[in-house]
2 protein chains.
Amino acid sequence: MNTVKKSVSQLKREAIIEAAKKMFKEQGVASTSMDKLAEVAQVSKRTVYNHFATKEALVMYLLGEFWLEAISFNQGVYDPDQDLLIQLREIILTEIGVINSVEHIDMARLIIGHLFYSCEQMSQEIEKMKQHETATLRWIKAAQADGRITVKDVQHANQQMMHLIKGQAFWPQIMACDPLLTEDEKRHLAHETAKMFLSRYQ
Amino acid sequence: MNTVKKSVSQLKREAIIEAAKKMFKEQGVASTSMDKLAEVAQVSKRTVYNHFATKEALVMYLLGEFWLEAISFNQGVYDPDQDLLIQLREIILTEIGVINSVEHIDMARLIIGHLFYSCEQMSQEIEKMKQHETATLRWIKAAQADGRITVKDVQHANQQMMHLIKGQAFWPQIMACDPLLTEDEKRHLAHETAKMFLSRYQ
DNA sequence: CAAAGTAAACTATATGGTGTAGTTTATTGT
DNA sequence: ACAATAAACTACACCATATAGTTTACTTTG
């Protein structure tokens with residue numbers, strides 16, 4: 001019933017947003033003209049400008065949208081009684097699930113494509129992203145506090161882990177448009193990463 | 001003497017190339033107009049077009065240029081009599097030297113900025129780059145053949161190492177315009193990476 | 001003098017954004 | 001149930017600006 005009730009205006013707006021997501025992702029913001037956008041959304045150009053004052057406003061709206069979709073806090077808790085490999089593997093797998101999701105990759109591509117030459121803003125966005133790589137960090141700290149792993153620089157160790165993950169589950173998708181990982185690939189990556197990490201720090 | 005003798009035409013050409021390198025790197029190809037380029041190079045626009053038929057031709061020339069500069073094959077040889085950590089660290093350090101050089105980062109930024117939305121071409125360029133990550137691979141194979149490390153999937157292990165390196169010596173410079181690593185940072189990264197690798201596979 | 005450079009105007013096209021006049025849709029008072 | 005009204009949509013012309021590339025008429029230089 002909620003789906004039927006949408007006003008025309010609401011529908012148009014959604015069409016615009018969908019079209020923008022699609023075009024911006026595929027061709028980038030700069031090479032997507034507002035005319036083309038309106039055409040894809042099957043909406044008059046004027047309507048686009050009725051909903052979003054400028055192109056930049058549309059882009060900014062999308063950035064906000066994507067953040068909401070992409071950022072799911074994952075809570076992985078350290079368990080002193082369970083095998084380290086098993087629980088780390090699980091935590092990593094969840095992290096991969098976030099990083100390697102359509103939403104996250106789409107958002108990252110939008111941001112990178114749009115801000116590639118604006119180092120300042122890009123750095124900020126990257127900071128934002130990094131603040132969500134916190135589940136693994138907490139786990140490392142907990143395991144460290146429990147004395148089951150020995151890490152000198154906790155931040156650095158966490159970064160190493162993230163690099164191992166992103167090298168396979170993020171950068172190839174961002175740069176070469178590689179397909180998302182299959183569940184098997186995710187599990188394998190989680191396993192290998194956990195093993196490497198523990199080999200070093202356990 | 002070589003520096004004095006250059007013809008005016010040659011000088012102009014170089015000025016154009018320098019300006020293009022600079023502008024393309026800083027603002028990207030798309031946002032650098034040929035007018036602006038000529039202005040920066042302190043050369044008339046027509047002269048630019050005398051040397052390069054189109055903007056794309058200029059870009060392509062630069063891509064070639066950068067490849068020549070950036071690609072130095074590094075030969076690191078496995079030594080059966082030396083400590084593994086010491087020699088691996090050395091090889092990694094050389095690899096970092098290549099990846100984290102101005103030339104390599106500049107080239108990568110040019111390519112990525114220009115081809116970000118052309119997945120096909122981008123993939124090709126990435127392939128090219130990867131074919132030069134061969135020194136570490138050779139070393140791993142040799143050490144493996146010598147029985148001093150135990151790696152099931154050699155390619156994958158090499159990738160893991162590269163991810164650890166690039167996570168710190170490539171992506172931050174590409175994306176957030178972080179400064180190049182200092183010699184100390186390079187050594188530290190090489191050490192940490194080698195340690196992690198050997199912890200896992202020795 | 002011939003090759004190369006220069007400034008400046010010019011062409012053709014694309015694009016972000018606006019203005020207008022007319023049409024559709026939803027709401028509301030009777 | 002229905003006409004009136006406001007809001008939103010459409011088509012389309014229009015403006016200002018930008019940009020790749022060309023042409024021209026003139027100058028510099030080896």
Side-chain angles (χ1 to χ4, degrees), chain A residues 1-63 110 113-118, chain B residues 1-63 110 113-118:
Chain A
M1 36 204 69
N2 209 347
T3 55
V4 184
K5 207 169 83 175
K6 283 170 186 161
S7 72
V8 172
S9 187
Q10 214 30 250
L11 286 175
K12 299 278 172 185
R13 186 186 175 86
E14 279 164 25
I16 293 167
I17 290 167
E18 278 315 303
K21 273 188 193 177
K22 187 175 178 238
M23 302 298 290
F24 288 173
K25 184 175 65 176
E26 286 173 8
Q27 316 190 353
V29 176
S31 350
T32 303
S33 73
M34 294 299 264
D35 288 276
K36 187 71 190 170
L37 190 76
E39 187 194 320
V40 171
Q42 300 207 63
V43 141
S44 84
K45 187 173 158 186
R46 212 63 183 76
T47 300
V48 177
Y49 278 100
N50 276 344
H51 284 283
F52 301 94
T54 67
K55 194 184 191 183
E56 194 58 21
L58 176 53
V59 174
M60 285 310 158
Y61 173 81
L62 283 190
L63 278 187
L110 180 65
H114 191 51
L115 302 181
F116 191 67
Y117 296 105
S118 320
Chain B
M1 39 205 68
N2 209 345
T3 55
V4 184
K5 203 169 85 175
K6 284 169 185 161
S7 72
V8 173
S9 187
Q10 214 28 251
L11 285 174
K12 300 277 174 186
R13 186 186 175 87
E14 278 164 26
I16 294 167
I17 291 167
E18 277 316 303
K21 273 187 191 175
K22 186 174 178 238
M23 303 297 291
F24 288 172
K25 183 176 66 176
E26 286 173 10
Q27 316 190 354
V29 177
S31 344
T32 303
S33 75
M34 295 301 264
D35 288 276
K36 187 73 191 168
L37 190 75
E39 187 193 318
V40 170
Q42 300 206 64
V43 140
S44 83
K45 191 172 157 186
R46 200 61 186 85
T47 300
V48 177
Y49 278 100
N50 276 342
H51 285 283
F52 300 95
T54 68
K55 192 185 192 183
E56 194 58 21
L58 176 52
V59 173
M60 285 311 157
Y61 172 80
L62 283 189
L63 278 188
L110 181 66
H114 190 53
L115 302 181
F116 190 68
Y117 295 106
S118 320

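Protein chains get the first letters and strands the later ones, always in sequence-line order, with residue 1 at the start of each.
- Rounded to whole Å, the distance from CZ on F52(A) to P on dG17(C) is 13 Å.
- Rounded to a whole Å, the CZ atom of R46(A) is 12 Å from the C1' atom of dA13(D).
- Rounding to the nearest 0.5 Å places NZ of K21(B) at 11.5 Å from CG of L58(B).
- If you take OG1 on T32(B) and OH on Y117(A), they are separated by 8.0 Å, rounding to the nearest 0.5 Å.
- In this structure, the CD atom of Q10(A) is 14 Å from the C1' atom of dA7(D), given to the nearest Å.
- T47(B) is linked by a side chain to side chain donor-acceptor pair (under 3.5 Å) to S44(B), counting only residues two or more places apart in sequence or in another chain.
- Taking all atoms of both residues into account, the shortest heavy-atom contact from L37(A) to A20(A) is CD1-CA, 3.4 Å.
- Between the C1' atom of dG17(C) and the CD atom of E56(A) lies a distance of 14 Å, rounded to the nearest Å.
- What separates CG of L11(B) from C1' of dA4(C) is a distance of 13 Å, to the nearest Å.
- Side-chain nitrogen and oxygen atoms of K55(B) include at least one within less than 4.0 Å of the OP1 or OP2 phosphate oxygen of dA20(D).
- Relative to the axis of its first five pairs, the axis of the last five pairs of the helix from dC1(C)-dG30(D) to dT30(C)-dA1(D) sits at 20°, rounded to 10 degrees.
- Scanning for ring-ring contact (aromatic ring centres under 6.0 Å, His included) contacts around Y61(B) gives F52(B), with sequence neighbours left out.
- A heavy atom lying under 4.0 Å from DNA chain D marks the following residues of residues 15-37 of chain B, by number: T32(B), S33(B), M34(B).
- Using a 4.0 Å cut-off, no side-chain N or O of H51(A) falls inside it from OP1 or OP2 of dA8(D).
- Rounded to whole Å, the distance from CG on L58(A) to P on dT15(C) is 16 Å.
- Under the rule for a side chain to side chain donor-acceptor pair (under 3.5 Å), K22(A) has no partner lying at least two apart in sequence or in another chain.
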Item to complete: Start with the C-alpha distance between V59(A) and H114(A), add both sets of side-chain angles, then the distance that settles side chain to side chain contact (heavy atoms under 4.5 Å, CB included), and finish with yes or no.
Response: CA-CA 9 Å; V59(A) 174; H114(A) 191 51; 3.7 Å; yes
Practice prompt. Just do the side chain to side chain contact (heavy atoms under 4.5 Å, CB included) check on M34(B) and Y49(B) with the steps written out, would you?
Written response: CA-CA 9 Å; M34(B) 295 301 264; Y49(B) 278 100; 3.4 Å; yes
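- K45(B) comes within 4.0 angstrom of a nucleotide base, judged by non-hydrogen atoms across all strands.
- Nearest heavy atom pair, residue V29(B) against residue K55(B), reads O-NZ, 2.9 Å.
- Counting to the nearest Å, the C1' atom of dA7(D) and the CZ atom of R13(A) are 16 Å from each other.
- You'll find that the side chain of Y49(A) is closest to dG16(C), out of dT22(D), dT10(D), dG16(C).
- E39(B) places its CD atom 13 Å from the P atom of dA18(D), with the value rounded to the nearest Å.
- Nearest to the side-chain atoms of K12(A) among the listed nucleotides dC9(D), dT22(D), dT6(C) stands dC9(D).
- The side chain of S44(B) contributes no N or O atom lying less than 4.0 Å from OP1 or OP2 of dG5(C).
- Not counting sequence neighbours, K36(A) has no partner by the side chain to side chain donor-acceptor pair (under 3.5 Å) test.
- Side-chain nitrogen and oxygen atoms of S9(B) include at least one within less than 4.0 Å of the OP1 or OP2 phosphate oxygen of dG5(C).
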